[in-house]
Amino acid sequence: MALTVPLALGALLATAGPAAAATPGAPGAGDPYFPLAGNGGYDVGHYGLTLGYDTASGHLDGRAVLTARATRSLSSFDLDLEGLTVTSVTVDRTRAAFRRDGQELVVTPREALRAGQQFDVTVVYGGVPQPVTDPDGSPDGWIPTDDGAFVAGEPQGAMTWFPGDNHPADKASYDFTITVPAGTTAVANGVLLGRRTAHGRTTFRWRQTEPMASYLATATVGTFDVKQYRTADGVQVYSAVDPREAAEADPVVDQLPAVLKWESGIFGPYPFRAAGSIVDDAPDVGYALETQTRPLYDSAPSLSTFVHENAHQWFGDSVSLTSWQDIWLNEGFATYAEWLYSEQHGGRTAQQSFDALYARAATSSLWAFPPADPGSGENIFASPVYSRGAMTLQELRNAVGDKVFLRILRAWATEHRHGNATTAQFVRLAERLSGQDLGSLFRTWLYTAGKPATP
Ligand code: ARG
Ligand code: ZN
């Protein structure tokens with residue numbers, strides 16, 4: 001509409017509510033630890049990723065179709081994408097203008113998006129992906145290996161291989177179509193819909209139906225021995241093990257049905273229709289990741305790591321973070337699962353694990369910062385988050401008793417299944433189910449610097 005409005009009145013109207021002029025979406029979701037992670041102004045419902053990877057040259061071709069909804073009127077919006085070359089962007093099949101600005105891909109559709117509007121954005125891109133280096137020094141993202149790629153993304157690396165809203169607060173379903181040289185396997189999340197080989201290349205189609213945070217997506221490529229079966233509960237298992245790791249990995253990985261059965265008994269029903277493992281041979285990576293439905297290991301895992309990554313399917317994957325500061329809700333809980341598994345399988349009790357840690361001197365790095373306030377992205381995978389996070393749960397257990405404690409863990413998984421949650425919500429749940437004021441326990445263990453005075 002070509003109305004002439006005096007400038008001052010125009011500005012007034014622009015801030016006046018429903019008729020407000022569309023403005024650019026924010027470049028970040030507002031996370032203090034990773035200010036550019038995620039974006040403002042829209043919500044992704046689904047990612048359709050079509051990828052081709054040439055293991056010899058390391059070249060990745062990609063086409064990403066995001067189905068999203070504007071949460072306010074937008075003249076432009078950002079996607080997160082680090083490196084790679086973008087060749088075209090369309091919004092609802094109409095060519096859109098775009099520019100790159102660091103990890104932001106800024107998209108300006110031909111027409112502004114209205115608040116509440118559903119839209120599709122298609123990005124065609126390619127290049128040789130490079131992992132990012134996290135604040136703690138770890139490689140993160142698309143990490144090339146001698147036979148393919150180890151693809152992990154916590155906290156930031158998803159943007160090294162697909163454009164998106166790269167923050168766990170925006171969960172979505174995913175479809176993956178991945179083409180790799182024949183003889184090589186591409187393993188993503190969820191259920192394998194099919195595989196087809198033609199002209200020396202194999203295409204794998206994967207579907208992740210339940211909502212997933214972008215950092216939990218994988219498209220790991222390599223030479224793998226594959227096992228497929230169903231558990232007694234009907235969960236579809238797909239395990240991929242690098243033959244070089246098989247001798248050590250198989251005895252652990254083959255315990256998946258037993259481990260999931262034990263975890264379901266404690267935490268409630270397993271949250272996904274698919275499960276499995278990916279054991280790569282990439283020990284330089286230095287960590288494992290709880291990629292949704294199918295944890296990813298850089299080498300044969302110990303049983304305890306295996307229990308940890310699978311426990312994350314409840315704590316982290318199904319119940320996800322709202323802010324990276326709350327990372328203890330993932331790592332403290334998965335570590336506590338290791339303790340409880342040991343306790344119930346003839347190993348040391350959770351209290352003994354607690355006591356061994358509590359014996360550490362006040363100068364130990366274990367007490368460097370409180371678990372629910374790591375201070376920055378550099379600390380989110382440090383021992384206070386894992387170990388003191390788990391110690392907090394042991395303190396909670398001692399305060400409320402075994403029965404109520406287990407009820408709290410299970411209610412946490414149930415009430416926030418496939419959602420996002422915060423530390424404050426966990427504290428409220430624990431107080432509600434125990435009927436106790438737990439303010440001082442949580443203040444001491446989660447938020448107070450230094451070694452707590454009394455266990
Ligand atoms: N969440 C992983 C675990 O199970 C750790 C990921 C570490 N990632 C990193 N970039 N340092 O403990
Ligand atoms: Zn973990």
Side-chain angles (χ1 to χ4, degrees), residues 31 33-34 37 82 103 129-143 149-161 166-168 189 212-218 220 252 259 263 267 276-280 282-321 323-341 353 365 371-372 374-393 409 413:
D31 194 300
Y33 288 11
F34 296 93
E82 176 69 35
Q103 73 176 62
Q130 306 287 341
V132 291
T133 303
D134 287 330
D136 71 352
S138 308
D140 178 11
W142 191 281
I143 305 168
F150 178 100
V151 183
E154 191 183 25
Q156 312 184 81
M159 64 183 174
T160 68
W161 59 283
N166 193 20
H167 190 278
N189 313 85
M212 176 166 78
S214 55
Y215 78 88
L216 297 169
T218 191
T220 292
V252 176
V259 167
E263 291 182 336
F267 308 137
S277 314
I278 310 169
V279 183
D280 209 338
D284 290 346
V285 171
Y287 62 82
L289 181 66
E290 60 269 26
T291 37
Q292 190 154 304
T293 68
R294 194 158 293 117
L296 173 60
Y297 307 91
D298 67 348
S299 57
S302 65
L303 182 57
S304 161
T305 297
F306 191 74
V307 167
H308 177 112
E309 304 307 338
N310 283 296
H312 273 306
Q313 301 306 308
W314 285 261
F315 306 116
D317 293 16
S318 169
V319 182
S320 299
L321 300 178
S323 168
W324 284 109
Q325 180 182 333
D326 285 341
I327 183 74
W328 85 279
L329 292 172
N330 292 4
E331 303 305 346
F333 282 56
T335 302
Y336 198 82
E338 296 177 56
W339 294 5
L340 208 49
Y341 184 90
S353 295
S365 59
S376 78
E378 206 176 311
N379 287 335
I380 60 175
F381 301 118
S383 69
V385 168
Y386 287 71
S387 299
R388 184 169 159 180
M391 293 174 85
T392 303
L393 293 176
L409 289 186

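Small disclaimer: the values here were computed from a predicted structure and weren't measured. Counting starts at 1 for both ligands and their atoms, in listed order. For this chain, numbers begin at 1 and follow the sequence in order.
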Give the residue, atom name and distance (to 0.1 Å) of the protein heavy atom nearest atom 11 (N) of ligand 1.
Asp136 OD2, 2.9 Å

Taking atom CG of Asp136 and atom OH of Tyr287, what is their separation to the nearest 0.5 Å?
8.5 Å

Protein heavy atom at shortest distance from atom 12 (O) of ligand 1
Tyr386 OH, 2.6 Å

Should the proximity of Asn330 to ligand 1, defined as any heavy atom under 4.0 Å, be assigned to the side chain, the backbone, both, or neither?
neither

Plane angle bin for His308 and His312 - parallel if under 30°, tilted between 30 and 60°, otherwise perpendicular
perpendicular

Can an N, O or S atom be found in Glu309 less than 2.8 Å away from the Zn ion (ligand 2)?
no

With heavy atoms under 4.0 Å as the rule, classify the contact between Ala152 and ligand 1 as side chain, backbone, both or neither.
neither

Should you measure from each heavy atom of Asp134, which atoms of ligand 1 turn up under 4.0 Å away?
9 (C), 10 (N)

Atoms of ligand 1 less than 4.0 Å from Glu290 heavy atoms?
1 (N), 2 (C), 3 (C), 4 (O)

Option with minimal heavy-atom separation from atom 8 (N) of ligand 1, where the choices are Phe381, Tyr297, Tyr215
Phe381

Would you mind listing which atoms of ligand 1 come within a distance below 4.0 Å of any non-hydrogen atom of Glu309?
3 (C), 4 (O)

If you take all heavy atoms of Gly316 and Tyr215, which pair is closest and at what distance?
O-OH, 3.8 Å

Considering only heavy atoms of His308, which atoms of ligand 1 have at least one such atom less than 4.0 Å away?
3 (C), 4 (O), 12 (O)

